[in-house]
Amino acid sequence: MTENIFTLLTQEVRGALAALVPDLPPEALARVQVEPPRDATHGDMATNAALVAAKPARMAPQKLAAALAEKLLALPMVVEATPAGPGFVNLRLDEDIWRAQVPVVLRAGEAFGNSTLGAGVRANVEYVSANPTGPMHVGHCRGAVVGDALANLMIKAGYDVTKEYYVNDAGNQVLALGWAAYWRYLRAVTLDADEWNAEATEQRFGTTLQYRGDYLVAVGDALAERFGEQIMARRIEPGMLAAEETVSAFAPALERGWLVRTNWLDTARETAVAMMMAEIREDLAKLGVTHDVFVSERALVEAGGVDAAITLLGEKGLVYQGVLEPPKGKTPDDWEPREQLLFRATSFGDEVDRPLRKSDGTGTYFANDIANHQHKVDRGFAELVHVWGADHGGYVKRMAAVVAALSDRRVSLDVVLTQIVQVVKGGEPVRMSKRAGTYVTLSDLIDEVGRDAVRFTMLTRKADAQMEFDLDKVVEQSRDNPVFYVQYAHARCRSVLRQAEATDAALVAGLDAAPLDALTDPAEMALIRRIASWPRSVEAAATAREPHRIAFFLQDLASDFHVLWNRGRDDSTLRFIRAEEPEATRARLALVAATATVIRSGLGVMGVTPVEEMR
RNA sequence: GUCCCCGUAGCUCAGCAGGAUAGAGCACAGGAUUCCUAAUCCUGGGGCCGUGAGUUCGAAUCUCGCCGGGGACACCA
């Protein structure tokens with residue numbers, strides 16, 4: 001863990017305040033903050049300590065600020081402490097304190113910014129969890145990137161993180177997938193696409209083919225290769241059916257004169273799910289997203305997880321048979337009172353109680369999700385985080401209620417919602433349609449603009465803000481493309497270091513011991529301050545569960561660096577490498593190396609690869 | 001009708017758990033640039049932070065109402 005100049009100073013200020021006001025309540029002390037003021041002319045740091053303590057201390061804030069300023073001035077790192085405004089104390093720090101952060105960065109490397117904030121708390125971050133019913137498209141992409149970056153961020157902030165994917169391999173969706181795969185199999189094995197066109201198939205089997213995309217052709221082929229004609233549907237001839245066969249046959253098909261065994265459907269479904277998951281994992285790998293754990297919904301259900309969770313809730317007195325009120329406002333046309341098994345979600349802040357079983361007694365999706373969360377609680381996670389699409393926003397309260405109920409309020413659930421991404425090319429929206437060929441897959445997107453551009457761009461907006469993804473802009477090499485701007489800063493750093501090394505390898509050796517007194521220019525000091533604030537940014541972003549802040553930090557850092565670089569164009573004495581000033585050169589190279597290190601540290605959180613040069 | 005999210009410069013968006021004179025990029029206006037550190041740079045104008053109250057030393061930030069935009073609203077997943 002790297003020492004953090006901000007937390008260090010906060011402790012000092014709190015200590016000084018406590019000495020000044022001995023009986024100050026701890027709550028007041030906790031509200032004391034030390035942070036860089038908005039307006040840099042106010043100094044390096046400002047504290048609200050006197051404002052916070054004025055009331056409990058029964059002292060005028062300005063007066064307390066003056067006393068505090070005097071006390072803080074005694075600290076070796078503080079060179080100036082002045083009361084200001086309504087009761088702030090502005091602090092100017094010894095510039096050496098700032099410069100001393102440079103070797104701290106160089107010694108820590110990319111670990112600079114790691115924090116103990118999370119205190120090793122076990123956190124489970126679940127994201128992507130796309131249904132295994134087809135390849136990933138751009139809609140899934142944002143959640144994948146946000147989730148992965150958030151998990152990385154929490155790891156950096158000191159949490160013990162498990163990255164998890166919940167596979168929705170139970171329920172009607174994958175059943176429909178099974179049918180579609182079976183249909184593709186029939187076409188493959190009979191080699192007759194006309195005979196087995198979609199409409200004819202639906203009529204023969206009395207079912208609906210929801211998934212007609214080409215991506216299931218490979219599944220059909222695989223089934224055909226493995227089973228040949230073994231699992232083929234058969235037209236029923238008089239007297240051919242054994243009792244055993246009618247039991248295992250899919251009834252609507254049977255009625256229509258076709259034999260389709262349900263275990264064949266299971267096979268088709270399992271094969272399809274396995275192949276889709278393999279493809280999804282490939283896509284994720286392409287995006288650089290990895291998960292530690294894949295949890296199967298089906299496995300949870302088959303292991304009795306749903307019943308166990310409901311039983312547990314029942315033991316807590318949170319389950320009952322009841323009838324829900326119709327929703328306020330517009331009542332659905334087909335609404336009728338139904339008695340169902342309900343979970344008392346209202347006891348945990350939800351608006352209404354939520355159904356655990358449908359009126360026919362089968363489990364709801366919600367019930368399965370309870371098992372999923374029970375599974376997490378059982379594994380000992382103290383904090384659960386989900387990344388969901390914004391269309392699932394209505395689901396948050398009931399899930400939070402369940403987690404609170406299952407864990408007796410010990411485990412927290414945070415849900416990060418991600419808004420829609422609209423892909424744009426040449427000013428025109430790129431249409432997404434699952435049915436037609438204009439389906440923009442994640443894989444296509446990565447092929448088009450590259451993985452790093454995709455990941456970075458997905459983090460340039462707050463997760464719950466809608467985003468336009470402009471295919472032309474994200475590969476543009478200019479100031480207004482943040483991906484380029486940040487990468488370019490890193491490449492420039494590396495270029496300088498390479499050049500220095502080529503000139504004289506001794507220049508770049510042991511930079512963490514280089515004297516830094518030559519770093520005096522305001523642009524250099526601004527860059528150092530930015531670098532020093534990286535640990536603080538990590539903690540703030542992790543606390544808020546907002547990985548996009550890392551992208552913004554990196555843009556600011558890159559900007560500080562580019563400003564310094566540009567100053568060297570006008571004023572050659574500010575260039576990094578100056579043959580006539582070896583000591584200044586060493587100091588600046590140390591700063592450049594530290595800048596590159598922090599950029600790498602930040603890009604690491606985002607899962608973006610830093611480049612060595614722009615080509 | 002209920003719940004959730006959003007409303008900040010002409011545009012796209014930040015705003016760090018309430019702080020001092022609200023920021024950045026684009027666009028706009030003026031200026032610099034035979035540099036070699038290519039993929040520009042510097043300066044400037046521009047704002048009732050949707051609106052009305054409240055909380056307090058202090059509100060873009062927290063609370064409530066209203067206006068406007070988006071989303072979700074028995075048994076689907």
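Within every chain, numbering begins at 1; the chains are lettered A, B, ... in the order of the sequence lines, protein sequences first and strands thereafter.
- The two residues A/G349 and A/K397 come nearest to each other via the heavy atoms O-CD, 4.0 Å.
- Residue A/E539 contributes atom CD, which lies 16 Å from atom P of B/rC16 at whole-angstrom precision.
- In this entry the distance linking CZ of A/R492 with P of B/rA39 reads 6 Å, nearest Å.
- The separation between A/H42 atom NE2 and B/rG19 atom C1' is 11 Å, rounded to whole Å.
- Using a cutoff of 4.0 Å between basic side-chain nitrogens and carboxylate oxygens, A/K473 and A/E468 are not scored as salt-bridged.
- For A/R575, whose side chain is taken as the heavy atoms from C-beta onward, the closest listed nucleotide among B/rA14, B/rC35, B/rA39 is B/rC35.
- The gap from the P atom of B/rG68 to that of B/rA27 amounts to 35 Å, rounded to the nearest Å.
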Given Watson-Crick and G-U pairs under 3.5 Å, RNA chain B in dot-bracket ([ ] crossing, | other strand) is (((((((..((((.....[...)))).(((((.......))))).....(((((..]....))))))))))))....
For nucleotides 29-33 of chain B, give me every protein contact, N/O to N/O, under 3.5 Å, one pair per line with atom names.
none

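- Remark: the A/N90 side chain and the B/rA20 base include a donor-acceptor N/O pair separated by less than 3.5 Å.
- Whole-Å rounding puts the A/D472 CG to B/rC26 P distance at 18 Å.
- Atom CH2 in A/W388 sits about 20 Å away from atom P in B/rG71, given to the nearest Å.
- In this structure, CZ of A/R31 is placed 12 Å from P of B/rU56, rounded to the nearest angstrom.
- Going from atom CG of A/N481 over to atom P of B/rU40 covers 10 Å, rounded to whole Å.
- For A/Y488 against B/rA39, a side-chain N or O and a base N or O form a donor-acceptor pair under 3.5 Å.
- A/F576 comes within 4.0 angstrom of a nucleotide base, judged by non-hydrogen atoms across all strands.
- The listed nucleotides are B/rG19, B/rC35, B/rA17; the one nearest the side chain of A/R549 is B/rA17.
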